[in-house]
Amino acid sequence: MGEGLIGKLDQKPDVCWLFCSAQKGVKSLLKGVNDAVDTDNLIGCTTDGEVSNEGFSSESAVLVGIATDRIDFHLSVVENLSQDNEAAGRKLAQGLPKSTRYLQLFSDGITSNGCAILRGILSVLGEEIPVSGGTAGDDGRFVQTWQFAGRKMLTDAAVAVGFSGDFQLGTGVRSGWTPTGLTKTATSASGNTLFELNGEPALKVYERFLGKYADKLPSIGVEYPLGLVGPAGDIEKSNYFLLRATMSVNRDDGSITFAGEIPEGAEVSLTCGDIASVLHASEEAARLAISDLGDATVAMIFCYSCMARKIVLGSRTREEIELIRQKIGPNLPIAGFYSYGEYSPMRCHGTSYLHNETVTVSVIGF
Amino acid sequence: MNEIKSPRLRIKELESLLAQAERRSYILTNLLKEATTEFKQALEQVTTSEANFRAIIENAPEAIYIADAETRQILDCNPYTTQWLGYTQLELLSMKVEDLLEPGSRGLKENIQRALEYGFVHVQERRFRKKSGEFVDAEVTGTVVEIQGRKCFLALVRDITERKTIEELSRYKELFDNVIDPMIISHSQGTFLEVNDVACERFGFSRPQLLSMSLKTLISPVHMDILIGIGQKIRSGKNVQFEVDVLTRSGAAIPFEFHSRMILYQRKPAILSLARDLSIRKQMEKTLIHSERLSAVGEMASGVAHNFNNLLQVIMGAGEAALKKLETGEIRKCSDALNSIIDASHRGADIVSRIKDFTLLEAGATDAIHVFSIGELIEEAVNLTRPLWKNPLETRKYRLNYFRNPGCLVEGNPSEIYEVLVNLIKNAMEAMPRGGTLSISSGICNGRLYTTFKDTGQGIADENIQRIFEPFFTTKGPQSSGLGLSSSYGLVKKHGGDIHVASALGKGTNFTIVLPLARSLKRAVDQRLSAQNFKTDTRLRFLMIDDEPNILKMMELWFEDSNVTLYTASTAEKGLQVIRQERFDVILCDFGMDDMNGLEVGKAHQDFCRIAGISKTPFMILTGLDIQLDADTLRGAGVDRIVKKPIPADKLFRIIQEMVPAPVNTK
C-alpha cells in the first residue's frame, strides 16, 4: 500500500496518515507501510470506519500522504494516558515546536479522557491553537484500540502531528441533534460520569424518558445523546451544543458514564435527531469549513466523524461523506475516520473541544 | 449515487428505520409529557407568585411606581401612589418622575444611572409634590427591572413626614431637657407651650402649673413694662435679651436674664427663651472682684511695705527725737515729736484698715461714711501703686504728676473711692507699657469735684469706648476680669457722682471722676482728748488680759492719770483666777493667747458668774485679726463687744465708759 502511495505522489511523502480497522494484521500492516514510505512522520490509529477518496469504508485501511515544502510536520507521542491524561496532554504539547499552528490528535478511544488531554495541550500551546482529530476506535467492540507513531504501535497513548508553516485552515462542526424538553441540572457529576440530574439519579431520569426502551442503554443513548445547553456547552451562542454520548450505565448507583466530561452544575437536555437532520448537519459542517477557510484554495480535506452517526445513518452513512465532498470539491483528496470522540475547534481561532456524535471537517488550503 | 440493493437488505433497512421512528415518537412523547407537567407546575408557580406580587403592590402602604429608566416616564403605579399624591392613575401615567418631585430636585438622572449600574439605589430623601401643591418628605429606594426588553426603574416611596416630625422633636427634646438653664417655649402671645425640668425646679412650679402660665404671670409686676417692647422685637425676628425678677413659688424674687428668639415649633411660630440665673452670676462677680482685689493687693504688697517703712521711719525718728528732747528738757519739742508718732500710727492704722476694706466683700463692714480729703486719698493711692510706675531700674520710664488742690472734701466711703483711684491709676499704667506720663489733678466747679487722670497711653478705640464700663468687657486678654471699670463706675455712681472718659487712639486717655462736694467742711477730727477731760468721780475697775507685756505696760501708763483702775493679767489662767477673786466693771481680754483664746475665757467667765449667781461683768475681746463672729457665738461666749487692734487709748477709754452700766458698783 505504501508503494501505491509513493507512486501517486511521485515522491516520498513528508507525512503520512494511516487509519485502519483493528482487525487482524495491524502489526504487519504498519511494518509494511513504514518500510515502504520510509518517513518518520507516520501517524494514525485504529478506527470504527474509514474515510478516503473512495468514500466511506469499513474494515479497511487508508493511507494518506502529503508532500509539500510549505508546511513542516512534527510528531509527538505520549503514553500511559490513563495515569494522568492532563499531564500527558502537556507532555505531548511540549514535544511539539513553538511554531506549531495547528495539530491533529489521535488518542486511545477507550482509556483516554479527551477533555483532559486537550486541557493539557492548550495549557502549553495556548487556548487558541486549533486541534483536529479523533479518538481511536475498534469497530465498536470497545476492547482495545491502537495508535501509530512511526514504527511504533501503541495503546493507551496519544499521538499528535503538528503543522507549522505557511497555510490556511478552515474548520466546521455540526451534529444535527437538537435539545428537546426542559433543561435539567447535572447536580452531581465527576469526570465523564453523571450521577444525578436535578437531585435524581441520572439513570432514573433516563428510564423515565426511555420507558420500555430503557434496557437498551447504553446503546440507545447514542441516538439520544445528552446536550450541554447551558453556558458550559453553549459555545459562543452559535446554536451549537456540545453532545455527550452514553458509554455505559451503572445500575447500582444509577450513574451513567459518557464519552466526554460532564461538568457538575452544567445545564443539560436530552437531544433528538433523525437521519435528515444528521445529514443536513454534515453538509452544514462542510459549508462552515469552507467559509472558515476564506479565500484560500482547498488542498486537502480531513473528516473526523462519530461512530454514533454511523449507527443512526445506517447504510446511508456514506451519504455523509458524499455530501461533504460535493460541498467542498468532489475531486479533492479527503481522509479521516469514524471515531469514539472528535477533536475540533468551533471555528478557526476558537478553542478546541472534544465532541461526541459530531462531524468535524477540517480543510487545509493555500 | 444510489446503489441497487437487494430487496432483503432494503426490507431490513426499512424495518430498522421504522423501529427507529417508533422509538423516537415514543421517547419524544415521554419528553413532551414531562415537559408539559413541568411547564404546568412552573406556570402555577408563576401565577401564584404573580398574584402574591400583585397583592403586595396593590395593598402596599407605600407608593410603588415603575418608570422607564431612560425617559423617566411613569409606566405603572399602585393605588397608594394615587391616594398619596392625589392624582388619578391616568394622570400619573402621563407624567414623568420629575413632575412628582419638588422642583429643583437634583441627582435624578444620576441616581437612575447608578441604579442601572449597581442594580439598586441607596435610600434617598426627596420631597414630593402632591396635586394640591403641598410638599411631603419621603424616602425613596429602588431597583432596576426589565420589562419587555426595556430597562425600568422600580421605586418604593415611603412618606416620612411623621418620622421627621418625631425626629425633630426628639432632637429638640434632648437639647431642651439637658440644658442647665431653664428653657421655655412659648406661644407668640406669651403662654407657655413647653418647659424643661430645670425651669420647673428653678421656678418652683410643677410642669402643669407652669404650662398654664405665661411670662407676664411669672415675673415680678415691677418689671412688667420691660415686656412691652420685647414682644414686638421678638416677632420682628430680633434676638432679645432682658433682665427681670422672677417670682418663684416661694415668693422669692430672683433676678434672671432672659434670651429670647423666634423659632418654628411644630411648624408654627413660637418663642424660645433661655433664662440665666443672675444671682449666681452676681455671686460670681463678687468672688471675682474679691480675688482680683487680693491679687491686686499682692501686687502692691511692696507699695504697702514702702508706705509702712515711711511711717516707721517717722515713728522711729520721732521717738528718738522725743527721748533726746526729754533729756534736754525741751518738753514742747518732745510733745511735738510724740504727737507726730501718734499721727503716724493713726495713718498706719488707716492704711491697714483701707487695705482690709479693699479685700472685704461685705459692704456691711465698710459702711463707714466719712468726710474725707480726696487729696490725701489720692496721695495714698499713688503711694500704694508706686511699684507699678517706679521701677528702680528704669526710673525715667514713668512720670506721675500729682497736682495737689487742698480743700477738696468729699462725703462718702473713703475705702470705696480709694479703690476707684487705685483702679484708674492701674489702668493708666497698663495702657502705657512702654512708658509715659500720668497726670492727676483735682478741681472744683459748680459745687462738684472733678478729678482727672490723664495718661499718654495707647488710647481706646471708638467702638470700645461705649463698652468699657460693661462688666466683663476687657481688651486685656484672659487674665483681666474686665470688672475694674464697671465696679468703679458703680462705686462712683453710689456716691452720687459720675465717670467720664475721652480718648484718642495712640495719643492717650482722660478719665474724669465727678463727685459732689461734701456739704459740710467740718472735718471728722480724731478727738485726741486728754485723759483730764474725762475725769469723773467714779472710779472704774478695768481688767485687761493680754499676753503681750508691752501692750499692758502702755495701757498702765496711760490709764495712770485717769479714773480707771487698771488691773492686768498676762495669761488667760491668771486672768480667770483674778476674775474669780475680784469684781470688775469691765473686762478686756486679748483674743489670741497661748493658753486659751478670748472666747474661751469669756465662756469661763460667763459660767463662773452664772454658777456664782452674780451678774455678768461686761466682757470685751481685743483682737488684731479679722475674725467675723456671729452674734450667737459671741453671746454663747459671754462676749459683749469686739474691739479691734490697734485701738487708740482714748477710744478705748470711751468704750469702757460706754460699756459700764450706771450705777457702778465699786468694791
Side-chain angles (χ1 to χ4, degrees), chain A residues 54-56 176-185 197-198 200 204-217 219-227 246 268-278 308-323 325-326 330, chain B residues 1-53 69-70 116-120 143-152:
Chain A
E54 313 291 316
F56 167 68
W177 271 267
T178 43
T180 336
L182 297 169
T183 58
K184 298 192 189 301
T185 313
L197 281 172
N198 280 5
E200 273 187 277
K204 197 150 160 249
V205 177
Y206 260 74
E207 280 168 354
R208 254 214 313 277
F209 297 141
L210 299 173
K212 60 183 180 190
Y213 296 107
D215 50 352
K216 285 205 197 266
L217 281 169
S219 51
I220 195 169
V222 162
E223 274 183 56
Y224 302 94
L226 202 64
T246 53
V268 299
S269 175
L270 214 67
T271 59
C272 232
D274 56 34
I275 295 179
S277 64
V278 168
R309 302 171 77 79
K310 225 169 46 132
I311 295 175
V312 172
L313 292 169
S315 58
R316 292 181 68 176
T317 308
R318 55 190 183 75
E319 281 185 47
E320 175 168 76
I321 309 300
E322 279 163 22
L323 280 168
R325 290 190 81 195
Q326 256 172 15
Chain B
M1 279 180 286
N2 281 327
E3 279 180 16
I4 301 167
K5 294 183 184 163
S6 70
R8 214 159 21 103
L9 261 175
R10 271 212 82 81
I11 291 170
K12 226 179 153 209
E13 258 182 44
L14 284 168
E15 276 175 348
S16 97
L17 279 172
L18 206 59
Q20 231 182 49
E22 232 177 46
R23 261 205 308 273
R24 185 168 309 113
S25 62
Y26 176 78
I27 291 173
L28 282 174
T29 313
N30 285 343
L31 281 172
L32 200 59
K33 270 197 219 160
E34 167 152 342
T36 317
T37 321
E38 274 195 44
F39 178 71
K40 277 208 194 123
Q41 276 175 359
L43 194 62
E44 247 181 66
Q45 275 176 5
V46 168
T47 317
T48 317
S49 87
E50 240 265 11
N52 292 343
F53 183 63
E70 268 188 48
L116 286 174
E117 274 173 30
Y118 297 117
F120 69 95
T143 180
V144 174
V145 294
E146 210 170 287
I147 297 184
Q148 293 166 352
R150 273 209 287 202
K151 280 229 174 352
C152 299

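Here is the naming used below: chain letters follow the sequence lines, and residue numbers restart at 1 for every chain.
Heavy atoms closer than 4.5 Å to chain B are found in the side chain of A:L270, but not in its backbone. Of the atoms belonging to B:L32, not a single heavy atom falls under 4.5 Å from chain A.
Using a 3.5 Å distance cut-off with no hydrogens or angles, the side chains of B:N52 and B:S49 do not pair a donor with an acceptor.
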field: Audit row: A:V312, A:W177, side chain to side chain contact (heavy atoms under 4.5 Å, CB included) steps and yes/no
entry: CA-CA 11 Å; A:V312 172; A:W177 271 267; 3.7 Å; yes

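The nearest pair of heavy atoms linking A:I311 to A:V222 is CD1-CG1, 4.1 Å.
At a threshold of 4.0 Å, the pair A:K184-A:E200 does not count as salt-bridged, since none of the basic side-chain nitrogens sits closer than that to a carboxylate oxygen.
The residue among B:L17, B:T29, B:L28 with the most heavy atom pairs within less than 4.5 Å of chain A is B:L28.
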